[in-house]
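Let me begin by presenting the structure, written as C-alpha cells, before commenting on it.
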Amino acid sequence: MSVILVISVMTAVSFAEISGDIVAGYLDQIGEDLVYERAENEFMLLAETEDGSMIPYMYILADSEMEGCLLVALTPGIVPESGAERTAALEVIAQLNWNNTWVKFAADPETGDVSAMYTFSTEDGLGYESFAVMLNLLLGTVDENWDTLLAI
C-alpha cells in the first residue's frame with residue numbers, strides 16, 4: 001500500500017503545473033540579492049546601476065497552458081534599421097546562434113533590440129535545479145558574448 005502512495009505522490013510532483021508562484025519561489029531561493037517585479041506569471045529581473053536606479057536585464061514567462069517557461073535576457077545589442085550595418089548585425093546574430101546550442105539570439109523587428117532566449121517544456125514539471133542551470137547558462141552566454149553584442 002505504501003508503494004502505491006509513493007508512486008502517486010511522485011506522479012503528482014512530476015506533473016505539477018508550472019505557475020508564477022513556483023517561479024517566484026525559485027527566484028527567492030537563488031538569493032536575496034536577486035530583485036524582480038512580478039505580474040502573475042511574468043517576471044522582470046532588475047539590476048541596480050551605479051546611480052541606484054533599477055534596470056531590467058531578464059524577462060521570464062511561465063505559461064501553464066503552453067506547458068513552457070520562456071527566459072529572455074536583454075543584451076546591449078541593437079540592430080540598425082537598414083543598410084550594410086543591419087546586414088552585418090544580422091550575420092553576427094546568425095553566427096551567435098550557430099555557435100550556441102541552447103541559447104538563441106533574436107532581434108525585435110520594431111526596436112532592433114537583441115535578446116537571448118531559452119524556452120523549455122514544463123509538461124513534466126519544473127525543478128529548481130533545471131531552472132537555475134538554464135538561468136545561469138543564459139546569463140553566462142550573454143556575458144561571454146557581451147563585447148560582440150555591444151559591437152552590433
Side-chain angles (χ1 to χ4, degrees), residues 13-152:
V13 168
S14 67
F15 291 104
E17 204 173 86
I18 185 67
S19 70
D21 291 337
I22 290 172
V23 171
Y26 290 168
L27 293 173
D28 292 342
Q29 267 185 281
I30 289 172
E32 62 187 52
D33 293 337
L34 186 80
V35 177
Y36 63 89
E37 293 177 351
R38 177 182 178 187
E40 294 189 32
N41 292 338
E42 297 180 66
F43 299 82
M44 187 61 73
L45 278 56
L46 305 166
E48 187 172 354
T49 64
E50 290 178 8
D51 68 1
S53 62
M54 302 299 279
I55 59 167
Y57 67 92
M58 179 176 276
Y59 169 79
I60 300 171
L61 170 65
D63 191 331
S64 60
E65 288 183 25
M66 297 297 291
E67 296 182 327
C69 187
L70 170 67
L71 304 174
V72 180
L74 307 178
T75 78
I78 299 177
V79 174
E81 289 184 30
S82 63
E85 295 86 10
R86 179 179 179 78
T87 302
L90 294 173
E91 287 177 1
V92 168
I93 292 171
Q95 186 64 51
L96 286 169
N97 284 332
W98 179 262
N99 295 343
N100 292 282
T101 304
W102 299 100
V103 174
K104 294 304 167 201
F105 293 84
D108 183 310
E110 292 181 21
T111 65
D113 292 333
V114 177
S115 59
M117 61 187 71
Y118 181 78
T119 305
F120 51 99
S121 170
T122 59
E123 68 180 308
D124 292 328
L126 175 65
Y128 171 74
E129 291 80 13
S130 298
F131 179 81
V133 164
M134 289 318 302
L135 190 87
N136 286 322
L137 176 68
L138 185 59
L139 293 174
T141 301
V142 169
D143 189 49
E144 288 171 12
N145 294 286
W146 190 265
D147 292 336
T148 301
L149 293 160
L150 190 58
I152 291 180

**OP:** Only one of T75, N100, N99 passes side chain to side chain contact (heavy atoms under 4.5 Å, CB included) with N145; say which it is.
**Re:**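 Output: one option passes, namely N100.
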Does any part of the side chain of [Y], heavy atoms only, come nearer than 4.5 Å to the side chain of [X], both counted from C-beta?
X    : Y    : value
L135 : M58  : yes
I60  : C69  : yes
V35  : E48  : no
L71  : F131 : yes
V23  : F43  : yes
D21  : R38  : yes
D63  : L70  : no
L74  : D113 : no

If we ignore hydrogens and angles and just use 3.5 Å, is the side chain of [X] paired with the main-chain N or O of [Y] as donor and acceptor?
X    : Y    : result
N136 : A132 : yes
N41  : S19  : no
K104 : M117 : no

Smallest separation among heavy atoms of [X] and [Y], with atom names:
X    : Y    : answer
A116 : V103 : CB-CG1, 3.7 Å
A106 : I93  : N-CG2, 4.4 Å
V142 : A73  : CG2-CB, 3.8 Å
I152 : V114 : CD1-CG2, 4.4 Å
P80  : E85  : CG-CB, 3.7 Å

Subject >> Distance, nearest 0.5 Å, that separates CG of L96 from OG1 of T141 >> reply: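 The OG1 atom of T141 is 10.0 Å from CG of L96, to the nearest 0.5 Å.
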**OP:** Would you give the length of the straight line joining atom CG of L138 to atom CG of D143, rounded to the nearest 0.5 angstrom?
**Re:**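 If we round to the nearest 0.5 Å, L138:CG and D143:CG are 11.5 Å apart.
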Original post:
Hey, are T49 and D51 close enough side-chain-wise for a donor-acceptor pair under 3.5 Å?
Top reply: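 Yes - a donor-acceptor pair under 3.5 Å links their side chains.
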Original post:
With a cut-off of 6.0 Å (strictly less than), are more than 12 heavy atoms of other residues, nucleotides or ligands near CE of M66?
Top reply: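 Atom CE in M66 is not crowded, with 12 or fewer foreign heavy atoms closer than 6.0 Å.
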Original post:
Can you list the steps and then say if L61 with V72 is a side-chain contact (heavy atoms from CB on, under 4.5 Å)?
Top reply: CA-CA 9 Å; L61 170 65; V72 180; over 6 Å; no
Original post:
Relative to the ring of Y26, is the ring of Y128 parallel (under 30°), tilted (30 to 60°) or perpendicular (over 60°)?
Top reply: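 Rings of Y128 and Y26: perpendicular, as their planes differ by over 60°.
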